[in-house]
Amino acid sequence: MVKQWDLILAGGGLANGLIALRLLERQPSLKILMPENGPQPGGNHTWSFHQHDLTPEQHHWIAPLVAHRWDGYDVQFPEFTRTLEGGYLTVTSTQFAQVIRNLPGLHFQPDAEVVSLAPDRITLAGGEVHTARAVIDGRGYQPSPHLQAGFQSFLGQEWQLHRPHGLTRPILMDATVDQLEGYRFVYTLPLTADRVLIEDTHYIDSAALNISDARERIAAYAASKGMGLKTLLREEQGNLPITLAGAPQAYWQQREGQPCSGMRAGLFHPTTGYSLPLAAALADRIAAEPLHDHAALAGVIRQFALQQWQRQRFFRLLNRMLFLAGPPARRWRVMQRFYRLDDGLIARFYAGHPTLKDMARILTGKPPVPVGEALRAVLKHTPRLRAY
């Protein structure tokens with residue numbers, strides 16, 4: 001028996017969850033199916049973002065998903081430590097799952113593997129077929145020959161401690177640690193007075209983080225900070241793409257008219273790999289007009305993604321300098337120099353909206369990598385990819 005829906009969201013990750021939340025808020029009569037390969041929406045993830053990454057209206061409708069909020073964060077480098085003011089917020093997969101599963105109009109189907117997918121139908125592993133006006137594929141990042149990327153690879157562990165940690169705000173980057181074979185830092189979120197999330201994070205050329213070694217590094221780091229690790233509550237890992245160059249028209253031709261979202265659509269911050277702000281913006285864009293057929297929806301998403309690609313050109317240039325200029329173990333100097341800049345510039349950079357003055361400021365002054373190597377990195381993908 002074939003079941004009919006208004007919309008099918010293939011995959012219950014962040015992007016599709018935000019689309020469901022926003023769309024059903026704006027168009028509550030819709031009937032939406034969300035099959036997910038795992039047991040709950042959101043899987044086992046933590047998503048963080050800065051106050052200025054979203055508009056006030058976006059903060060309003062995303063508010064039910066936010067589990068933690070702080071009024072600033074710290075960064076630590078070999079030559080200085082700095083506190084930056086401004087809201088920093090976190091969405092946990094537990095909070096995300098609770099909100100998304102209870103959306104009226106959404107049928108969440110757990111442990112449902114999608115074995116075939118088209119713009120207007122899906123088939124599940126048991127042979128069950130569902131059709132809809134449109135299917136949005138949000139099943140995560142998919143490597144493409146039309147997208148060149150490095151990776152931000154990490155292992156995160158959430159720990160119950162023996163005693164309070166004393167932190168009042170997140171440590172977004174502690175780059176005073178051994179750099180190993182790429183830019184490495186430790187990211188710490190103080191979730192409660194005696195519970196923390198610690199992530200061992202690396203900017204590396206390929207997604208190949210040794211998990212056993214990362215666990216040992218987290219334990220050593222916690223010990224060096226006087227954190228008595230008591231109970232491991234959960235563990236998460238990820239490989240976030242960091243865009244170096246690409247051919248966007250060919251990338252979307254490869255999609256063959258299939259509406260996509262999130263990482264599958266290439267919608268993430270090109271330097272951090274974070275996807276929540278663009279996922280929220282896409283959800284707003286989709287919910288702004290009545291849901292039509294899959295061809296119209298694919299056109300809307302494609303246009304949105306191509307616009308973002310053009311806006312991100314400066315970030316890709318910086319990424320090539322970070323990944324391709326100078327020894328990997330010295331990449332931290334690029335980030336250390338960046339964090340000496342103006343607070344507003346840093347906020348606009350994370351939000352994906354640097355001004356021309358910001359761009360000029362980032363590129364002027366004493367370079368953190370040799371000029372010749374920086375120029376070779378910038379032009380690495382010429383001639384075909386330089387325009388992208």
- Message: Between Asp174 and Lys225, is there a side-chain heavy-atom distance shorter than 4.5 Å?
- Response: yes
Of all heavy-atom pairs linking Phe96 and Leu14, the shortest is CZ-CA, 3.8 Å
* To do: For this output row, return yes or no: ring centroids of Phe77 and Phe185 closer than 6.0 angstrom.
  => no
**Asked** More than 12 heavy atoms of other residues, nucleotides or ligands under 6.0 Å from CG of Asp342: is that the case?
**Response** yes
OG (Ser212) and CZ (Arg217) are apart, to the nearest 0.5 Å, by 10.0 Å
Report task. Give a yes-or-no answer on whether the side chains of Gln179 and Arg330 include a donor-acceptor pair shorter than 3.5 Å. Result -> no
Closest non-hydrogen atoms of Arg133 and His292, given as atom of the first, atom of the second and distance, are CB-O, 3.7 Å
What one should report as the nearest heavy-atom pair of Met34 and Gly12 is SD-CA, 3.5 Å
Are the side chains of Phe338 and Leu345 in touch, meaning some heavy atoms are under 4.5 Å apart?
yes
d(Glu216 CD, Asp200 CG) to nearest 0.5 Å is 11.0 Å
Next on the checklist: Does Arg255 qualify as a cation-pi partner of Tyr251, given the criterion of NZ or CZ under 6.0 Å from the six-membered ring centre and within 45 degrees of its axis?
Outcome noted: yes
(request) Report yes or no: does Gln312 contribute a side-chain atom to a donor-acceptor pair with the main-chain N or O of His269 at less than 3.5 Å? (result) no
Working note: Val114 + Thr123, criterion side-chain contact (heavy atoms from CB on, under 4.5 Å); need CA distance, chi angles, decisive distance, verdict. CA-CA 6 Å; Val114 176; Thr123 302; over 6 Å; no
Is any side-chain N of the basic residue among Asp74 and Arg169 closer than 4.0 Å to the acidic one's carboxylate O? yes
Among side-chain atoms of Asn239 and Ser153, is any donor-acceptor pair under 3.5 angstrom? yes
Can you see whether Tyr274 engages Asp53 through a side-chain donor-acceptor pair at a distance of less than 3.5 angstrom? no
Donor-acceptor pair, distance only, cut-off 3.5 Å: does the side chain of Asn44 make one with the backbone of Ser93? no
- Query: Quick check: does any side chain N or O of Gln95 sit under 3.5 Å from a backbone N or O of Pro64, one acting as donor and the other as acceptor?
  - Reply: yes
Margin query: We want to know whether Gln4 and Thr131 form a side-chain donor-acceptor pair, criterion being a heavy-atom distance below 3.5 angstrom.
Written below: yes
Practice prompt. Could you tell me whether a side-chain N or O of Gln58 sits under 3.5 Å from a main-chain N or O of Trp61, the two making a donor and an acceptor?
Written response: no
Practice task
Check whether any side-chain heavy atom of Ile286 lies under 4.5 Å from a side-chain heavy atom of Arg22, and answer yes or no.
Solution key: no
**Prompt:** Can we call the ring centroids of Tyr187 and Phe154 under 6.0 Å apart?
**Reply:** no
Heavy-atom closest pair (Ala265 atom, Ala305 atom, distance to 0.1 Å) is O-CB, 4.1 Å
- Query: Any side-chain heavy atom of Thr92 within less than 4.5 Å of one from Leu191?
  - Reply: no
Could you verify whether a donor N or O on one side chain and an acceptor N or O on the other, from Thr46 and Glu236, lie under 3.5 Å apart? yes
Close side-chain approach of Tyr350 to His52, heavy-atom, < 4.5 Å: no
d(Glu199 CD, Gln152 CD) to nearest 0.5 Å is 8.0 Å
**Message:** Within the structure provided, determine whether Gln336 and Phe80 are in side-chain contact (heavy-atom separation under 4.5 Å).
**Reply:** yes
Notebook entry, point to check: Any side-chain heavy-atom pair from Ile122 and Leu33 closer than 4.5 angstrom?
Noted result: yes
Closest non-hydrogen atoms of Cys260 and Ile136, given as atom of the first, atom of the second and distance, are C-CG2, 3.9 Å
dist Leu276:CG -> His45:NE2 (nearest 0.5 Å) comes out at 13.0 Å
Are Arg331 and Asp205 close enough for a salt bridge, meaning some N to O gap below 4.0 Å? yes
Closest non-hydrogen atoms of Gln258 and Val135, given as atom of the first, atom of the second and distance, are NE2-O, 2.8 Å
#### Entry: Stepwise salt bridge (charged side-chain N to carboxylate O under 4.0 Å, His left out) test for Asp178 and Arg184
CA-CA 7 Å; Asp178 187 348; Arg184 175 183 172 234; 5.7 Å; no
* To do: For Glu256, look at atom CD and say whether over 12 heavy atoms of other residues, nucleotides or ligands are found less than 6.0 Å away.
  => no
